[in-house]
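Contents: one structure, followed by commentary.
For clarity, every value in this text was computed on a predicted model and none was experimentally measured. Ligands are counted one by one from 1 in listed order, and the atoms in each one are counted from 1 as well.
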Amino acid sequence: MRIGVLGTGNMADALATHWVRAGHEVTIGGRDAHKAEQLATRIGGSAKPAGLRAAAESGQEVVLGALPFGAGVDVARELRAALEDKVLLDCSNPIGPGFRLLTEGGPSAAQQLAAAAPGAHVVKAFNLCHEDVWRMRPPVFDGRPLAVPVCGDDETALVRVRELVQDVGCEPVAGGGLERAGLLEATAALFIALWVGEGVDAQAIAPPLAYATGPNHQAAEGGAGAFR
Ligand SMILES: NC(=O)c1ccc[n+]([C@@H]2O[C@H](COP(=O)([O-])OP(=O)(O)OC[C@H]3O[C@@H](n4cnc5c(N)ncnc54)[C@H](OP(=O)(O)O)[C@@H]3O)[C@@H](O)[C@H]2O)c1
C-alpha cells in the first residue's frame, strides 16, 4: 500500500516503522521539514519525507492522521481535496486535563474528522494503547496478540486497516461503524485515568468471554440477553 502519514511524532514513528518493515511505501509528512526528514531517515527503507499536503496526496490508499485532536481536524479540513476517496486512519484521543473527554456530549473526534474531510473514509483504530506498545515487535502479551478494535463505515477501508493492524502484529477486532468511534475514545479516557490516575490494571476490569454475560454464556452465541 502507499501510505501517507500526517505528523512526525510518536505515533507516526511507531506505526510507520511497522508498515515500512511490512513492505509498504510510506511518506512521512510534517509541518516541519527537518523533523519529517529526520524521521524518514531514522525509519529507513521506503520512508520518504514530505510536507503535510504532499503526504496526503502520496497516500494513495491510506493516510494516517497522527496529530493532536484539534490540529488533526484543522489539517483534515485544509487537505480535504487531497483526502478525497482515501482512507483517513484516526488514532487520536480527544482527552484533556483530568482525563476529560474533550468531545463529551458532541460528535467524536473521528466524526469531526469525517465532517472536515467528507470525501475521506475515516476509520478509527490504534487509540487504546501507549506508543511504546505500538513499538513492540509484536505487541503480544501472555502469548496473545493484542486485539485492536477498528470502527468505520466503508468496507474497503476496513479491509485495508485490518491489514495494517496485522502488519503491526495485532489482531483486528470489529468495533462497528464510525458512530461507535466515540466509544473507543471514551474507553481510552477511562483506561488512561485507571492506568495513570489510579495505578489500576485496566485489563483486570473485564472478565473472560465465557463469563461475560452470566451463567448462560450467551456472549459465545452472539447474544447479550443476560444484560437486559
Ligand atoms: N503517544 C501515544 O502514546 C498515543 C497513543 C494513542 C493515541 N495517540 C494519539 O495520537 C495522536 C498523535 O500523538 P503523538 O503522541 O504522536 O503526538 P506527538 O508526538 O506530540 O506528535 C504530534 C505531531 O503533530 C504535529 N502537530 C501538532 N500540531 C500541529 C498543527 N497545528 N498542524 C500540523 N501539525 C501539528 C507535531 O508537529 P511539530 O513536531 O512540528 O509540533 C507532531 O509532528 C494524538 O491525537 C494522540 O492523542 C497517542
Give the numbers and elements of all ligand 1 atoms closer than 4.0 Å to a heavy atom of [X].
X	value
C129	5 (C), 6 (C)
C91	7 (C), 8 (N), 9 (C), 10 (O)
H130	3 (O)
F126	6 (C)
N127	6 (C)

Atom [atom1] of [X] and atom [atom2] of [Y]: how far apart are they, to the nearest 0.5 Å?
X	Y	atom1	atom2	answer
N93	F126	CG	CZ	13.5 Å
E61	E163	CD	CD	9.5 Å
C129	L146	SG	CG	4.5 Å

Is K124 salt-bridged to E185, cutoff N-O under 4.0 Å? yes

Should the heavy atoms of other residues, nucleotides or ligands under 6.0 Å from CZ of R180 be counted, would the total exceed 12? no

Report yes if [X] has an N/O atom closer than 3.5 Å to an N/O atom of ligand 1; otherwise report no.
X	value
R31	yes
W134	no
G7	no

Which one of V5, D32, N10 has a non-hydrogen atom at the shortest distance from atom 15 (O) of ligand 1? N10

Any non-hydrogen protein atom below 4.0 Å of atom 20 (O) of ligand 1?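 So atom 20 (O) of ligand 1 lacks protein heavy-atom neighbours under 4.0 Å.
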
Quick one: which of V26, V63, L89, T27 gives a side-chain contact (heavy atoms from CB on, under 4.5 Å) with I3? V26

Mind checking whether L52 contacts ligand 1 via backbone (N, CA, C, O), side chain (CB onward), both or neither, at a 4.0 Å heavy-atom cut-off?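 Only the side chain of L52 comes within reach of ligand 1.
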
